[in-house]
Structure formats: C-alpha cells, structure tokens
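Input: a single structure, listed below in structure tokens.
The analysis underlying the following values was restricted to heavy atoms, covering all of them including side chains, and did not include hydrogens, waters or symmetry mates. Keep in mind it's a predicted model, so treat the numbers as computed, not measured.
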Amino acid sequence: NYSLSLHDALPIFVEQVIRDDGAEQQKFIRIEAALGEASGQFTLSIAEFVRMSWPMRYLGATAIIYAGHGVSDHARAAIQMLSDNPQSTMVYEHSGWREIGDGRWVYLHAGGGIGPDGAQEGVGVELPDHLSLYELPTPPAGDELKRAVTATTRLVDLGKSPWSIAAFIAPFRAVLGQCDFTLHFAGPTGVFKSELAALVCQHFGPGLNSRNLPASWLSTDNALEDLAFIAQDTILVVDDFAPSGPNQEVQRLNQKADRIIRHLGNHNSRGRMRQDGSLRPPRPPRGLIVSTGEDLPVGHSLRARMVIVEIGPGDIEASKLTACQDDACAGLYARAMAGFVRWLAPQYSEVRAHLRNKVNDLRSQVRLRRCHRRTPDMIASLGAALQMFIRFAEEAGVFDADGAQAFWDRGWRDLLLLGEQQGQHHRSGDPAERFIELINSAMVSGRAHLAGPEGEVPEGAPEAYGWHQADGGLRPCGAQIGWVDGPDLYLDPDASYAVARAAASGPDRLAMTPITLWKRLDQKRWLVREASRETLKVRRRLQG
C-alpha cells in the first residue's frame, strides 16, 4: 500500500530530461501515468516531483494521496523504486552554435540541429513560443542551393540607398557570432520598416513574417532580456520603437532600449540572484538585435552601439519588396541560411578564432569623418560577414571570380557610405554638440543673450547673440549667459548650463553634469585654456 490512490496505474519515470539554456542546466523528469480516463505523459521539475503536489493537477480529483505523516514521502519513494532507471535526454533551450559530442559544432534551431553532415539526428531543441518559428529546413545542395542563395542576393537591390547591404548581410553576420551592435531601422509609419526587418528574420524561418515578429518594444524588460539571451547567433527583431504619451512613459521606453542595446554592445547583463542568495550565471544578449521604430533611442554612447538606417517614403520599391517577400515565404531565404550553416559548421572553430583578426584588418581600411570610434568596427564587422558570404556563394556556384569581386566592391562601397551616414546621428546625440545647439536656440528664440564687455550691444551680429529689435532699438532678450569681447566668447558656467537645461525637453534632455560637460567641450578643443591655470575656467573682469 503506497498510500496513493492510483489503483494499478502507479506513475513511472519515462526519462530524465536535462535542459540546457547555455548558462546553466536543470534536470526534469518525464512521467507516464493513468487514472481512469485521465492519462498521459507530463514533465516535472525535481522540486515539483519531491513536493508531490502534482497528481491532482495532472490526473484529476480522484488522484488522492492519503493523509498521514510521511505518506507523501512513501508515495514518492514507491514511484522511484518501481521505475526502471530512466534514460537521460539532453534538450537545448537556445538557438545557435553548440559544441556537441566529439568536438562537432552544431547549429541549433527550433527543428533540431545542423552540422557538417547536414541535419543532425537526435538533437533535441525546445525554444519558447516567441521563437518557435525559428526553424531551418534540411540544407539543400546543387541547383536548389544555388537558386536559394541567388534569391537572397536580390535583397541588395531592394532600395536605392546603401542601407540595403546592411539588411542583406545582417543574418549572415549574426550566424558568425560575437555581435556587439544593434541594427536599427528608423522612419515614419508606412515606409515598410517592419516588412524589411521580417525579410531579415525570415532567413531563420519562412513563418517569421511581419505579423509574426518575435518581440516588441512594448514587451517587459525581463522578457526582452531573456529572448535576447536565448536567441543566440541569430536575428532577434524587436519591433516598433515609438515613444509617445506622457514624458514618464517616453523615458521608460528609452531606458528599456538603453538597457537592451547597451548590454549587447558591452556583452554583459544585469546581475541576478537565486532564492538562496547565490549569484546566477550572467545572461547577456548573444545574437544580433534588429530594431525598428519611428524614432531613435536617445543617448550619445547608446547610438554609438547602433548601425542606424534611415528609411524614407519611396526608399523601398513596393514591387521589389513583394518579390522578396514571395521568395522569403517560399523558404528560399531559410534554405540559403541552412546551406550557409552547413558550409560553416566544419570550419566554425577556425572562423570563431580568427573573426576578430578579419574585422581588425578591414577596420584599418575604414576612413570615416566625424564619427564615433565604434563605427569603423561595426562597418568592418559587417564587411567580414560579407567576405564570408561571398566565399560561400562562390563555392555554391552563384559567383565566378569576377562576379564575386564585383559584389564585394559594391557591398564594401555601400557599407562605407552607410558608415559616413552614422556621423550625423552621433553628433545629434553628443552632449557637447547638443549644448551648443541649445545655447544657439535659446539666443535665437529670445530666451538668452550675450552682451559686450560692459553690457552693451555686442559687435558683429547682435541678433545672433539674443538682441532683438524693440521700441526702435536693440534690446536684450532672456537671461544673460555671457559676454562677447572681440573674437572671444565668455560663458558664465552656471547661467549657460541652466539655460541649456531649460531649453532641452523630452527624453533627449541634457542629463550630463556641468563638470563633465565642460570636459567634453574641452576634449573637442572648443575651449581656449590658459597655460597659467589648470582649470577649464578663465578669470576675466567684464561688466564690472
């Protein structure tokens, strides 16, 4: 009498399941049981099984564990003793590359794994519902592979701007691993941003169209962080960055974007603790995030970790978009990716070891003006993926030597043009640039002014210094923030900072402290320093 009212159908272990998400492993037990009409198999964690609170949940009200001290323990022990030693099964709970068995690299997806010999039998993968459509087909060969790869190359002709090369190469760059930047498609509604992102994502499953994108910026921070960790070596599309509503909501959305994008750029994550107080392993983003939105996340250092693609009306040709969507929905993009993964698998160890060197070699060829120092590295990273794809396409018979060189010349040229375009986004987020813009705006709009050395109308163009015509003469407007003395301009630190802070509004506010801001101005060599003083300030007697 095992004190468990299950008659002749005592539950037995079917198998022990080890779930591995790439950070830690957890053991579960798959149990088979029947009671009346209720029967089936279900999976329990070790803790759930030990608590013995599960029989009624899975088998119904008649699954009774009788009352009494230690009876539940006897029931648990009985099930364990009467079950044969169950076999252990490994289930991976993430996508991307994993070294399995005797050093073989296998690329995991929702349908299993792809290795050097194609589809791998016996590789169990379970991804969350949001990523369940990330399923690659059996890798093609011959003419079928050539047809699929040719279809993907038509993405570079989707638009007239150089950004199309970034959309084309992004999924192949994601598969190479070690991504540290985000690709952001920005533009007004109706310019096909989400459709373009879906085409990028459909390299990993034909069902990932614009109505089935895996994530949204409306998702919670924890949900996005977990998806970014699980979606290893693949594209994670986070759709619809559109700050709106009260200022608090706008700031919250920008804070969320800052956390996710910064974690990817820095390869780190928020620290988490277990219930017993010990630290959990880190769970940083491990793929390439493709974001879409009507606006850009704010922050100079944040935008430096992004490749920003501006898409305007007419930039994407509707007829070409439809043709690309037909190819993607037919599975051609996913078949091309499956073929690329199979081609990459036997040499992945070498690629992994030398990817950084390839990026460094290309970065030395990038010459961009007034851009952040991270930009050449991001452009070179996309260039390294382009080189790898061209090698693969040559072996697949898509390019001959001349065609491969022409495709590289065009692609590298477009990537360099895309890099040049990043400068304007970085300057708009630079706090030093922003400070000067705010001061100029305040003077032009009559909220601040500069005076001459004795408080008189400054020489030159007084209208530019905040003096406007009134009552038949020039009158200063707003607060006085400094003086103009010949070629020199002197700003009162406190007054100018206060005016700039007041002029800034919305999420792109001037959040930097005054001391740090003056250092940023000095680093750009915009401040004239005195050799006799070690501070950034100068001492002058003006207007008494």
Side-chain angles (χ1 to χ4, degrees), residues 1-95 98 108-113 121-135 207 212 214-215 219-220 222-223 225-227 229-231 272-276 278 280-281 283:
N1 184 356
Y2 298 107
S3 302
L4 185 66
S5 180
L6 299 181
H7 307 291
D8 296 329
L10 192 71
I12 59 171
F13 295 164
V14 176
E15 63 178 343
Q16 179 176 254
V17 180
I18 303 173
R19 296 185 177 275
D20 189 325
D21 66 2
E24 52 189 343
Q25 293 184 349
Q26 292 181 311
K27 292 184 178 180
F28 294 79
I29 298 170
R30 193 182 303 278
I31 290 180
E32 182 177 23
L35 180 61
E37 296 182 357
S39 64
Q41 293 187 4
F42 42 90
T43 303
L44 303 172
S45 68
I46 300 296
E48 283 180 308
F49 174 74
V50 170
R51 285 197 299 268
M52 289 302 293
S53 61
W54 50 267
M56 185 178 294
R57 185 196 318 164
Y58 290 104
L59 299 173
T62 57
I64 302 171
I65 297 180
Y66 293 113
H69 180 70
V71 172
S72 293
D73 291 332
H74 285 295
R76 173 189 52 76
I79 295 172
Q80 290 180 269
M81 292 173 65
L82 295 178
S83 296
D84 292 332
N85 187 26
Q87 64 176 1
S88 292
T89 301
M90 179 69 75
V91 175
Y92 298 98
E93 296 185 313
H94 66 90
S95 65
R98 193 64 186 260
L108 307 175
H109 58 97
E121 297 292 337
V123 177
V125 180
E126 290 185 14
L127 300 182
D129 291 342
H130 291 78
L131 304 178
S132 60
L133 296 177
Y134 280 69
E135 184 171 353
N212 292 310
S219 303
T220 65
N222 288 340
E225 288 177 1
D226 278 353
L227 285 176
F229 173 76
I230 295 169
R272 302 167 186 250
M273 299 187 72
R274 299 187 179 94
Q275 290 182 346
D276 61 3
S278 61
R280 292 184 60 186
R283 297 170 65 86

Residues in side-chain contact (heavy atoms from CB on, under 4.5 Å) with [X], at least two apart?
X: D73; value: R76
X: F28; value: V17, R19, Q26, T43, S45
X: H109; value: I114, E135, L136
X: Q87; value: E15, T89

Side chain to side chain, [X] and [Y], heavy atoms closer than 4.5 Å:
X: M90; Y: Q25; answer: yes
X: I12; Y: I79; answer: no
X: D21; Y: E24; answer: yes
X: P55; Y: I65; answer: yes
X: I230; Y: L127; answer: yes

Task: Donor on one side chain, acceptor on other, D276 and S278, under 3.5 Å - done: yes
Task: Pair E225 + R283, salt bridge at N-O below 4.0 Å - done: no
What is the distance from atom [atom1] of [X] to atom [atom2] of [Y], rounded to the nearest 0.5 Å?
X: R51; Y: L44; atom1: CZ; atom2: CG; answer: 9.5 Å
X: S88; Y: K27; atom1: OG; atom2: NZ; answer: 7.0 Å
X: F42; Y: I29; atom1: CZ; atom2: CD1; answer: 11.0 Å

TODO: Would you check, one step at a time, whether the test side-chain contact (heavy atoms from CB on, under 4.5 Å) holds for E126 with H94?
DONE: CA-CA 7 Å; E126 290 185 14; H94 66 90; over 6 Å; no
Check [X] against [Y] and note the closest heavy-atom contact, atom names and distance.
X: P128; Y: L227; answer: CG-CD2, 4.3 Å
X: N212; Y: L133; answer: CB-CD1, 3.8 Å
X: S72; Y: M52; answer: O-CG, 3.8 Å
X: P281; Y: A23; answer: CG-O, 3.7 Å
X: A223; Y: S219; answer: CB-CB, 4.5 Å
X: T62; Y: L35; answer: OG1-CD2, 3.3 Å

- [ ] Evaluate the salt bridge (Lys or Arg N to Asp or Glu O under 4.0 Å) criterion for residues R272 and D226: first the C-alpha distance (whole Å), next the side-chain angles of each, then the deciding distance (0.1 Å), finally the verdict.
- [x] CA-CA 12 Å; R272 302 167 186 250; D226 278 353; 3.8 Å; yes
Task: ring pair (Phe, Tyr, Trp, His ring centres under 6.0 Å) involving F229 - partner list, sequence neighbours excluded - done: none
Open item on the list: Can you list everything that forms a ring pair (Phe, Tyr, Trp, His ring centres under 6.0 Å) with F13? Sequence neighbours excluded, please.
Closed with: F49
